[in-house]
Amino acid sequence: MQVQGPLSAWLVKHGIIHRSLGFDYRGIETLQIKPEDWDSIAVILYVYGYNYLRSQCAYDVAPGGLLASVYHLTRIEYGVDQPEEVCIKVFASRRNPRIPSGFWVWKSVDFQERESYDMLGISYDNHPRLKCILMPESWIGWPLRKDYIAPNFYEIQYAH
């Protein structure tokens with residue numbers, strides 16, 4: 001039986017669709033949000049008090065499977081010793097991985113979503129500068145996907 005956390009209970013009370021994934025090893029509540037709902041839920045979470053984006057990352061769930069974009073959010077309030085944290089996971093199809101950008105809610109996600117785009121090919125809709133940040137613009141493929149086959153650098157270097 002999965003235990004529902006306080007944020008999940010609040011979202012259920014207000015009719016906001018999500019899936020509780022329980023708690024991580026540090027006791028942080030983890031929620032799954034559909035890509036098409038992420039835009040509005042991000043705003044709701046910000047208004048609810050999650051005004052600080054601690055980090056964003058992405059990973060390949062399994063070869064040929066879904067891609068995940070993960071947002072670690074914190075409620076920063078004056079005088080609170082232990083800020084409340086939540087982890088949001090947004091899963092996207094590998095064939096067309098599109099997720100609304102969190103940039104317009106948390107500006108600090110800028111470079112982090114760009115890295116997720118560059119390494120895994122997740123397109124963040126409405127991101128103002130979605131372009132490669134680590135790999136050259138001419139790079140083909142997504143290096144952190146589990147089914148990625150790296151090019152033979154020896155052949156590339158001496159092809160000319």
Side-chain angles (χ1 to χ4, degrees), residues 2 5 7-8 11 16-46 48 50-76 83-157 159:
Q2 197 157 6
L7 180 58
S8 181
L11 292 172
I16 299 167
I17 298 170
H18 70 287
R19 179 175 173 224
S20 175
L21 299 176
F23 297 86
D24 71 7
Y25 70 98
R26 296 183 309 143
I28 303 216
E29 187 174 7
T30 304
L31 305 176
Q32 179 182 342
I33 307 295
K34 291 180 181 179
E36 59 269 20
D37 297 333
W38 177 228
D39 243 354
S40 57
I41 291 178
V43 172
I44 290 166
L45 292 174
Y46 186 86
Y48 185 76
Y50 289 98
N51 53 1
Y52 178 69
L53 176 95
R54 182 173 295 242
S55 68
Q56 183 277 334
C57 63
Y59 66 94
D60 189 345
V61 175
L66 297 172
L67 301 174
S69 186
V70 182
Y71 298 81
H72 297 272
L73 307 173
T74 305
R75 288 178 77 166
I76 303 292
E84 187 179 323
E85 296 179 49
V86 68
C87 175
I88 304 294
K89 294 187 177 188
V90 184
F91 294 96
S93 154
R94 178 181 224 83
R95 288 181 185 221
N96 187 20
R98 302 190 75 80
I99 296 173
S101 176
F103 178 83
W104 302 106
V105 179
W106 303 281
K107 299 287 189 256
S108 60
V109 81
D110 183 8
F111 284 14
Q112 296 168 53
E113 285 183 343
R114 285 179 58 192
E115 182 178 337
S116 296
Y117 165 73
D118 202 8
M119 296 287 103
L120 290 152
I122 299 172
S123 290
Y124 292 92
D125 295 337
N126 296 318
H127 188 287
R129 294 175 287 280
L130 193 61
K131 62 181 183 173
C132 294
I133 191 169
L134 299 173
M135 306 303 287
E137 289 288 336
S138 60
W139 195 266
I140 297 171
W142 316 109
L144 290 184
R145 286 194 182 186
K146 292 181 177 177
D147 53 2
Y148 177 71
I149 298 172
N152 184 329
F153 289 104
Y154 179 81
E155 290 175 8
I156 292 171
Q157 185 175 4

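Being a predicted model, the structure only gives us computed values, none of them experimental. The residues of the chain are indexed from 1 along the displayed sequence.
- Here Leu144 contributes atom CG and Glu115 contributes atom CD; the two are 8.0 Å apart, rounded to the nearest 0.5 Å.
- When every heavy atom of Cys87 is checked against every heavy atom of Val70, the shortest pair comes out as SG-CG1, 3.5 Å.
- Taken from OG in Ser20 to CG in Leu7, the straight-line distance is 9.5 Å, to the nearest 0.5 Å.
- In the model, Tyr71 has a side-chain atom that pairs as donor or acceptor with a side-chain atom of Glu113 under 3.5 Å.
- When side chains are defined from C-beta on, Ser108 does not count as touching Tyr52, because their heavy atoms never get closer than 4.5 Å.
- His127 is listed as a side-chain neighbour of Asp110, based on a closest heavy-atom distance under 4.5 Å.
- The two atoms that bring His18 and Leu31 nearest to each other are CD2-CD2, 3.8 Å, heavy atoms only.
- Heavy-atom contacts from other residues, nucleotides or ligands closer than 6.0 Å to OH of Tyr46 number 12 or fewer.
- The main-chain N or O of Asp60 is never found under 3.5 Å from a side-chain atom of Arg94 such that the two would form a donor-acceptor pair.
- The shortest distance between side-chain heavy atoms of Asn126 and Pro100 does not fall below 4.5 Å.
- Residues Phe91 and Val61 share a closest heavy-atom pair of CE2-CG2, 3.7 Å.
- Partner of Leu73 under the side-chain contact (heavy atoms from CB on, under 4.5 Å) criterion, chosen from Ile28, Leu53, Asn51, Val105: Leu53.
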Trace of the side chain to side chain contact (heavy atoms under 4.5 Å, CB included) decision for Ile41 with Lys34
CA-CA 10 Å; Ile41 291 178; Lys34 291 180 181 179; over 6 Å; no
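- The side-chain heavy atoms of Arg145 and Pro97, taken from C-beta on, include a pair separated by under 4.5 Å.
- Between the side chain of Gln112 and the main chain of Gln56, a donor-acceptor pair closer than 3.5 Å is present.
- The two residues Asp147 and Gly64 have their closest heavy-atom pair at OD2-N, 4.0 Å.
- Separation of atoms CD (Gln32) and CD1 (Ile88) is listed at 10.5 Å; rounding is to 0.5 Å.
- For the pair Met119/Pro143, a side-chain contact is recorded, criterion being any heavy-atom separation below 4.5 Å from C-beta on.
- Within a 6.0 Å radius of NZ in Lys107, more than 12 heavy atoms belonging to other residues, nucleotides or ligands are found.
- Pairing each heavy atom of Ala68 with each of Ile122, the nearest pair is O-CD1, 4.1 Å.
- The CG atom of Leu11 sits 11.0 Å away from atom CD1 of Ile17, with the distance rounded to the nearest 0.5 Å.
- Both the sub-6.0 Å distance and the 45° axial angle are satisfied by Arg114 relative to the ring of Phe111.
- Here the closest heavy-atom approach between residue Trp139 and residue Gly141 is recorded as CD1-O, 3.6 Å.
- Within 6.0 Å of the NZ atom in Lys146, the count of heavy atoms belonging to other residues, nucleotides or ligands exceeds 12.
- Ring geometry for Trp106 against Trp38 counts as parallel: the plane angle stays under 30°, on a 0 to 90° scale with 60° as the upper cut.
- Side-chain contact between His72 and Thr74 is absent, with no heavy atoms from C-beta onward closer than 4.5 Å.
- With rounding to the nearest 0.5 angstrom, the CG atom of Leu21 is 10.0 Å from the CD atom of Glu29.
- Atom CD1 in Ile99 sits 9.5 Å away from atom OG in Ser123 (nearest 0.5 Å).
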